[in-house]
Amino acid sequence: SHDYIPAFRKAIQAFKNNTPVEAVVTRISPYAVYVDMYDGCLQSKLPLTKGQVSDLKEGDRLQVRFTYLGNTLIVIEPL
């Protein structure tokens, strides 16, 4: 269980309240944009569809919302 990680508790609250969270782009690949949330404590990715190009650069900040939050998987969507 991730109950002992303070950032995960904050993520659970944001998920339950449907609250946007700030994410920082850490890496961009041809398939996904990787982001860190809560000062790097939680990571996730935004998948890119085939042929889609991202305008984002490393270090960019964006607002995201959790769509699924589990012990091994965090799914987010951009706002």
Side-chain angles (χ1 to χ4, degrees):
S1 172
H2 291 80
D3 291 335
Y4 57 91
I5 301 172
F8 194 75
R9 285 191 196 151
K10 291 180 189 175
I12 290 172
Q13 286 293 40
F15 177 65
K16 286 180 180 177
N17 298 331
N18 207 18
T19 307
V21 174
E22 184 177 85
V24 179
V25 177
T26 55
R27 187 167 61 105
I28 299 172
S29 77
Y31 311 104
V33 175
Y34 296 86
V35 298
D36 281 354
M37 296 160 289
Y38 300 110
D39 296 323
C41 293
L42 296 178
Q43 296 82 33
S44 188
K45 68 179 181 177
L46 297 165
L48 297 174
T49 58
K50 189 173 183 177
Q52 181 182 6
V53 179
S54 173
D55 307 354
L56 298 169
K57 302 180 297 291
E58 288 184 21
D60 284 354
R61 298 178 182 276
L62 63 147
Q63 294 292 313
V64 296
R65 181 174 288 134
F66 294 104
T67 57
Y68 176 80
L69 189 61
N71 286 339
T72 58
L73 180 66
I74 298 172
V75 181
I76 57 174
E77 66 179 2
L79 297 180

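These values consider heavy atoms only, across backbone and side chains, with no hydrogens, waters or symmetry-generated copies. When a residue number appears, it is its place in the shown sequence, counting from 1.
- Both Phe15 and Ile5 belong to a common hydrophobic cluster when Ile, Leu, Val, Met, Phe, Trp and Tyr are linked at side-chain heavy-atom distances under 4.5 angstrom.
- Nearest heavy-atom pair, Asp60 versus Asp55, reported as atom, atom and distance to 0.1 Å: OD2-O, 4.5 Å.
- Looking at every heavy atom in both residues, Val64 comes nearest to Ala23 through CG2-CB, 4.0 Å.
- Taking CD1 of Ile76 as the start and CD of Gln43 as the end, the distance is 11.0 Å to the nearest 0.5 Å.
- Note on Leu62: it clusters hydrophobically with Tyr38, by side-chain heavy-atom contacts below 4.5 Å among ILVMFWY residues.
- Atom CZ of Arg65 sits about 4.5 Å away from atom CG of Asn18, to the nearest 0.5 Å.
- One hydrophobic cluster, built from ILVMFWY side chains closer than 4.5 Å, cannot hold both Tyr31 and Val33; they sit in different ones.
- Minimum interatomic distance between Pro30 and Leu48 (heavy atoms only, all atoms of both residues): O-CD1, 4.1 Å.
- Taking CG of Leu69 as the reference point, atom CZ of Phe8 lies at 4.5 Å (rounded to 0.5 Å).
- The line from CD of Gln63 to OG1 of Thr19 is 10.5 Å long, rounded to the nearest 0.5 Å.
- The residue from Thr26, Leu42, Val25 that alone fulfils the side-chain contact (heavy atoms from CB on, under 4.5 Å) condition with Asp36 is Thr26.
- Expressed to the nearest 0.5 Å, how far CG of Asn17 lies from CD1 of Ile12 amounts to 11.5 Å.
- The backbone N or O of Ile74 sits less than 3.5 Å from a side-chain atom of Ser44, completing a donor-acceptor pair.
- To the nearest 0.5 angstrom, Leu56 atom CG is 14.5 Å from Arg27 atom CZ.
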